[in-house]
Amino acid sequence: MSDLERAEPYGVLLYYKYASVPDLDELVSFYERSCNSLGLLGRVRLAAHGVNVTVGGKLSALEEHIDVVKSNALFEGTDFKLASCDQPLNDKVAKECGFTSLSIRVVEELVTFSSHPLVRSPDISFAGRHLSALEFHSVLQSAGKLLDEGSPTSSERLVLLDARNLYETRIGKFHTPGLETLDPQIRQYSDLHDWIDDNSERLQGKCILMYCTGGIRCEMASAYIKGKGSGFENVYQLYGGIQRYLEQFPDGGFFKGKNFVFDHRISVGSSNANVISTCLLCSCPFDDYSTRCRCASCRMLVLVCDSCRQVEGSIYTCELCQKHSKCGLSTPATENCKSEVLPREIKLSTLSSERQEKITGFGASRKLRILCLHGFRQNASSFKGRTASLAKKLRNIAELVFVDAPHELCFIFQPPVIDGHSELSTEHRGPPPKEKCKKKFAWLVPPDFTAGSEADWKEADGPFDPLQYQQQTGGFDSSLAYLKSMYLQEGPFDGILGFSQGAAMAALVCAHKDKLKGEMNFRFAILCSGFTLNLAEFEHGSINCPSLHIFGRDHGRDRQIPNKASADLSEYFENGSRVVIQHDSGHIIPTRSPYIDEIKNFLQQFL
Ligand SMILES: [Zn+2]
Ligand SMILES: [Zn+2]
């Protein structure tokens, strides 16, 4: 980088938008094109219901990006928060914040409202009323005044609710004299709904003013509160979050301390921000997270001052873990990731009503039922999310049924590529408590994979080994036994679809078709970004099952699985009934035309 480039003003851009995305693949390519051509780094999270973006780059490039995004009708009314700042200097912080690379991912939810599978995310169209920074300020101001005048009590009915995590509220929060700010003291956003449930009496009948960093967390949480019905009608949220408020009130207004942010700036203070937090160990005033000290038990960020950090071998325990151990509760995490080799109890992500429909649906216009196998270190629910657009486009002809693989993997943390969300991603840097952990599974595992061998949390330093997929050669027998019992319980299925390692597994199932007769019978297979594993005993053209192969064209189009590996897998299937689709979309299943039409054409023959 030349000095001239270095001197160009740098900035950070944040925005989110809830909107129904008609074509996710198209949006993925749009962001790939725009961010790459403008040299933007950071996190882009895309879902069927919107986008959440935190990127950094040259100010001029960010402005250009905003212009392009604005020209898309989907983004009408989006609040773009652009701030100029220094370039990331601390590599460790920049890396942890995901600002050393560009990560564009399709996720199920922009923010994880709950990790509990039965808690549905609230409908954000019921979100609380937006208050501009000025309106929010004047409500707080009049609440304070009413109190001064000794007047009864609309202020008694007012509560301020901070929707952020404990490590954020430690260093800054709203404070209005005489008005209580409720701080849920949660480790992560997905714990907030539990807090709301437990504290609904404190909220009922009140006028609730909510705020968070940029606003996205309040959208969902306010909708959740309002969904509680009578007594929960008056919910308001600070539009644009603390960020917009501090722009409007550069001296901080009613916000005391610093605003924690999820990029390399770490925190942003007003012109006269006080230090409102203290060192965990010596209680001296301290609010600098740049050293990234974490609780040894739950991995939440903690504040440890410079001199306390000099003490070697210190283990830090956050206030929440301290409180838990005092209560005699065990601290969360650590004992979590027991690997399992034996088939687990089968759990389908389809609901019983869908099963009902399936049984009654075997009529004249029945749909194809397709069993879908996720990739390595994924799960049924994440795969269902990634293929939502496919399911939607095939909804008249096929029903996709998702299932977790039987081998449970240890959770590996790899900061830059974590399933995160712009505003919230650093909270997942450390292992979340066990019950909050979204389990990850595999169909095939290393031959030496044994239960308990990966009992601890791991943090990956570098990117995953690109050839790792070739080393997972074990575990087929138990995965096959598992699929058989699943088929018995939930079948029959017309076809099997596999993605990446799921495709390697599906191909193996097809290869053993004759042996499985009577137990499992698939009329076709769809293999996406597949590769061969354990097919040495078979010959090219020997697998007698109609097959559709979908994978990245040319070298490097799919950065996970090389084109050659997927092409090689297709060779094992009978030539006459084999269809190959090569695309430019990377390591995904493309659903834009012409690919979707080719997929439909393939499926038509089985209807
Ligand atoms: Zn200290
Ligand atoms: Zn802790």
Side-chain angles (χ1 to χ4, degrees), residues 90 92-93 96-97 112 114-116 162-173 182-195 198-199 217 256-258 260 262 266-267 269 273-338 410-415 418 420 424-438 455-459:
N90 180 332
K92 189 179 169 193
V93 171
E96 260 203 51
C97 296
T112 307
S114 170
S115 52
H116 195 286
D162 195 316
R164 299 170 305 148
N165 303 321
L166 173 59
Y167 55 86
E168 301 166 78
T169 59
R170 263 190 212 129
I171 62 167
K173 60 172 102 168
L182 298 176
D183 178 355
Q185 301 218 316
I186 46 177
R187 287 191 181 87
Q188 55 196 354
Y189 181 66
S190 54
D191 295 342
L192 183 60
H193 79 277
D194 274 342
W195 183 91
D198 294 344
N199 291 273
R217 284 181 275 185
K256 306 298 170 201
K258 296 196 179 89
F260 186 102
F262 294 87
I266 304 171
S267 66
N274 294 325
V275 176
I276 68 160
S277 49
T278 57
C279 166
L280 177 73
L281 302 179
C282 73
S283 299
C284 73
F286 190 72
D287 70 354
D288 183 1
Y289 279 119
S290 65
T291 53
R292 315 312 273 177
C293 293
R294 290 179 184 279
C295 168
S297 299
C298 72
R299 307 293 301 152
M300 182 168 65
L301 283 170
V302 291
L303 290 164
V304 181
C305 77
D306 298 336
S307 54
C308 288
R309 248 187 356 265
Q310 308 299 321
V311 182
E312 262 177 61
S314 294
I315 288 177
Y316 312 130
T317 305
C318 75
E319 54 272 59
L320 294 182
C321 289
Q322 285 177 24
K323 214 191 282 176
H324 279 255
S325 60
K326 265 185 212 145
C327 302
L329 298 169
S330 66
T331 52
T334 55
E335 93 276 7
N336 301 339
C337 279
K338 296 279 179 332
C410 168
F411 203 96
I412 292 189
F413 291 96
Q414 195 186 37
I418 276 170
L424 308 174
S425 66
T426 51
E427 75 198 19
H428 295 297
R429 283 295 122 76
K434 182 180 187 179
E435 67 277 9
K436 306 297 176 194
C437 164
K438 272 202 180 146
D456 258 326
W457 296 95
K458 279 185 175 179
E459 183 147 7

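For ligands, and for the atoms within them, numbers begin at 1 and follow the listed sequence.
- Residues D287 and K258 approach most closely at OD2-NZ, 2.7 Å, considering heavy atoms.
- At the Zn ion (ligand 1), the angle from SG in C305 to SG in C279 is 120° when rounded to 10°.
- A distance-only check finds a donor-acceptor pair linking the side chain of Y289 to the backbone of Y167 [under 3.5 Å].
- Among the atoms of C284, no N, O or S atom falls under 2.8 Å of the Zn ion (ligand 1).
- A donor-acceptor pair under 3.5 Å is absent between the side-chain atoms of D288 and the main chain of C305, judged by distance alone.
- For C295 atom SG and C318 atom SG, the angle they make at the Zn ion (ligand 2) is roughly 120°, to 10 degrees.
- With no hydrogens or angles considered, no side-chain donor-acceptor pair links D162 and T169 at under 3.5 Å.
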